2 protein chains.
Amino acid sequence: MIRTISPNRASFGRCSACTVRSFSICGALDQSDLVEFERIARHVHLAPNEALFTAGQLAQSVHNVAAGVARLYKLLPDGRRQVVGFALPGDFLGMAPSDRYSFSADAVDSVTLCRFSREAFTHFIAQRPHFLIRINEFAARELMLAQEQMLLLGRRTAEEKVASFLVGWRKRLAHIGDERQTIALPMSRQDIADYLGLTIETVSRTLTRFEREKMLIIVAGGVRLLDPGRAAAMAAA
Amino acid sequence: MIRTISPNRASFGRCSACTVRSFSICGALDQSDLVEFERIARHVHLAPNEALFTAGQLAQSVHNVAAGVARLYKLLPDGRRQVVGFALPGDFLGMAPSDRYSFSADAVDSVTLCRFSREAFTHFIAQRPHFLIRINEFAARELMLAQEQMLLLGRRTAEEKVASFLVGWRKRLAHIGDERQTIALPMSRQDIADYLGLTIETVSRTLTRFEREKMLIIVAGGVRLLDPGRAAAMAAA
DNA sequence: CGCCGAATTGAAGAGATTCAAACTCAGTGG
DNA sequence: CCACTGAGTTTGAATCTCTTCAATTCGGCG
């Protein structure tokens, strides 16, 4: 079984010692900003599958993931689900174009986050252009990922989708310092299927085939990539 | 044939008289800001199918669409294309998480835009928090649209995709003041197909069926929605 | 009028889904 | 200690939606 995804001991209550700060929006805050920022932050722990917020709810808070993985998704009335993203430590969940959440979010595994009242957060950023710029950069990155996901959903085959997912997920894990040989997959097959616009059976079959073809080994809680080059090639750019 | 999409006579050279300002990022600028903003703007006209920029190029400019429709897309090495969005008057094309464009954009019909050097633009916004906040709001809306598109691409049927597209496109046209009975579709069937993750044949067949079922009438350059309620219901929320 | 790209229509085929069943494995309790 | 349980996953077979390939029609324009 693979360890949970979290930078070794993210410290809370003390932003200045927070291990995810450098790759979160807070990285743009200096020491004095941090002190004030900490005053409006509330640290929250969530058990697996607990909800951060639900689509349609009044968007009273913004969040910063400190540890664990969150699943962001939208539902159709008949229950079909599309996972629009997985949030990792350092990711910011805040942008809302209206006063209500446009998607739902809940914890995949154990999640820790910094929660801010939208009001206090809005007030805080309004006087800090450098912080606004940082948030903008994060939004831009988010948007780019969304566009890549559109390309995946609209134009890639099942095989390419699964390969792309593994490659992209590995890259994101590496970005937050998780460089283990085995790629941790804390989310369920159903989560992956709903992220890739496939069924759980297709995801399972595809992974099994990859294993038969010696591209990877399926282990509890993740996969071990034996042939990253082949996976990358299969992802089709 | 349907008229091109552009708020009646968008004026250029004079931001203060620009008809799309209220629903563009510039809406956050006051009279004095506008004067300086205008100084760094260059007005550009593009003929149908001319490129605004191409994925991979150095991102030296940011753009604001003033008139016409632009198509934003990504390509796979083998030529498969995913249209990630259509930009309408008032839309801002600027967010780039790196120094290179992550997608391509070109004119669907005749397009007019305000072009800014990234450098000058970055300098301009850095000292105007209210403007940054406005850009943030636009980014948030963009991201929300992207997430809805992911839901469409991953979980909707062909029929639902086409219906959703028509309903959503009509709503966007209404938002910029185009409330004609007939929905203008300046883009080709191929563009629509690449936007919805379908083939051109499926789009054509679906529209034809909608027409047979008296939901709409196909006209040159667009469709006339006879039964918006049914279209909305078919879009499945 | 006749050309040419775009769009439509038809028939056959493929990839992914659906439905169904078997398997795995961690947790539970006899 | 090990059988029992149940959720999650894997595997199999049949089906279906959408695609592919091919041909025809439409519509603007010289």
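Remember, predicted model here, so these are calculated numbers, not experimental data. The chains referred to below are lettered A, B, ... by the order of the sequence lines, with proteins before strands, and numbering in each begins at 1. Computed from heavy atoms alone, side chains included, the values below leave out hydrogens, waters and symmetry copies.
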Notebook entry, point to check: Between dT17(D) atom P and R80(A) atom CZ, what is the distance in whole Å?
Noted result: 13 Å
Margin query: I need the CZ-C1' distance between R209(A) and dG15(C), as an integer number of Å.
Written below: 11 Å
Check: Looking only at side-chain N and O atoms, does R189(B) come under 4.0 Å of OP1 or OP2 in dT8(C)?
Finding: yes
Next item on the list: Identify whether any heavy atom of S204(A) sits under 4.0 Å from a base atom; if not, whether one sits that close to sugar-phosphate; answer base, sugar-phosphate or nothing.
Entry: base
Note to self: Ignoring hydrogens and geometry beyond distance, is the side chain of R212(A) in donor-acceptor contact with the base of dT11(D) at under 3.5 Å?
What the structure shows: no
Note to self: Side-chain N or O of T199(B) versus OP1/OP2 of dC18(D): is the shortest distance under 4.0 Å?
What the structure shows: no
Next item on the list: Mind calculating the distance between CG (L198(B)) and P (dT8(C)) to the nearest angstrom?
Entry: 14 Å
Check: Between D194(B) (CG) and dT19(D) (P), how many Å, whole number?
Finding: 11 Å
Check: Hey, does the side-chain of R205(A) have a donor or acceptor N/O within less than 3.5 Å of a partner on the base of dG12(D)?
Finding: yes
Item checked: Validation row, ring centre Y195(A) to ring centre F86(A) under 6.0 Å -> yes
Next item on the list: Between V203(B) and M187(A), just flag the one whose closest nucleotide in DNA chain D comes earlier from the 5' side.
Entry: M187(A)
Margin query: Is there a salt bridge (Lys or Arg N to Asp or Glu O under 4.0 Å) between R80(A) and E160(B)? Walk through the geometry before answering.
Written below: CA-CA 13 Å; R80(A) 280 175 288 175; E160(B) 291 168 349; 2.8 Å; yes
Margin query: Please classify the nucleic acid contact of L207(B) as base, sugar-phosphate, or nothing, using heavy-atom distances under 4.0 Å.
Written below: nothing
Note to self: Between H63(B) and F116(B), is the ring centroid distance below 6.0 Å?
What the structure shows: no
Note to self: Taking any heavy-atom pair under 4.0 Å as a contact, classify T208(B): base, sugar-phosphate, or nothing.
What the structure shows: sugar-phosphate
Notebook entry, point to check: After noting the C-alpha distance and the side-chain angles of R155(A) and D78(B), does the key distance pass the salt bridge (Lys or Arg N to Asp or Glu O under 4.0 Å) rule?
Noted result: CA-CA 11 Å; R155(A) 287 300 179 226; D78(B) 63 3; over 6 Å; no
Next item on the list: Calculate the interatomic distance between I200(A) atom CD1 and dT10(D) atom P; express it in whole Å.
Entry: 8 Å
Check: Within this structure, what is the CG-to-P distance between D78(A) and dT18(C), rounded to whole angstrom?
Finding: 11 Å
Check: Which residue lies toward the 5' end of DNA chain C, I218(B) or R155(B), if each is placed at its nearest nucleotide?
Finding: I218(B)
Notebook entry, point to check: Do E201(A) and dC19(C) have a side chain to base donor-acceptor pair shorter than 3.5 Å?
Noted result: yes
Checklist line | d(CG, L152(A); P, dA16(C)) in whole Å | finding: 12 Å
Next item on the list: Decide yes or no for V69(B) and V111(B): does some side-chain heavy atom of the first lie under 4.5 Å from some side-chain heavy atom of the second?
Entry: no
Next item on the list: Starting at atom CD of Q190(B), determine the distance to atom C1' of dT20(D), rounded to an integer number of angstrom.
Entry: 13 Å
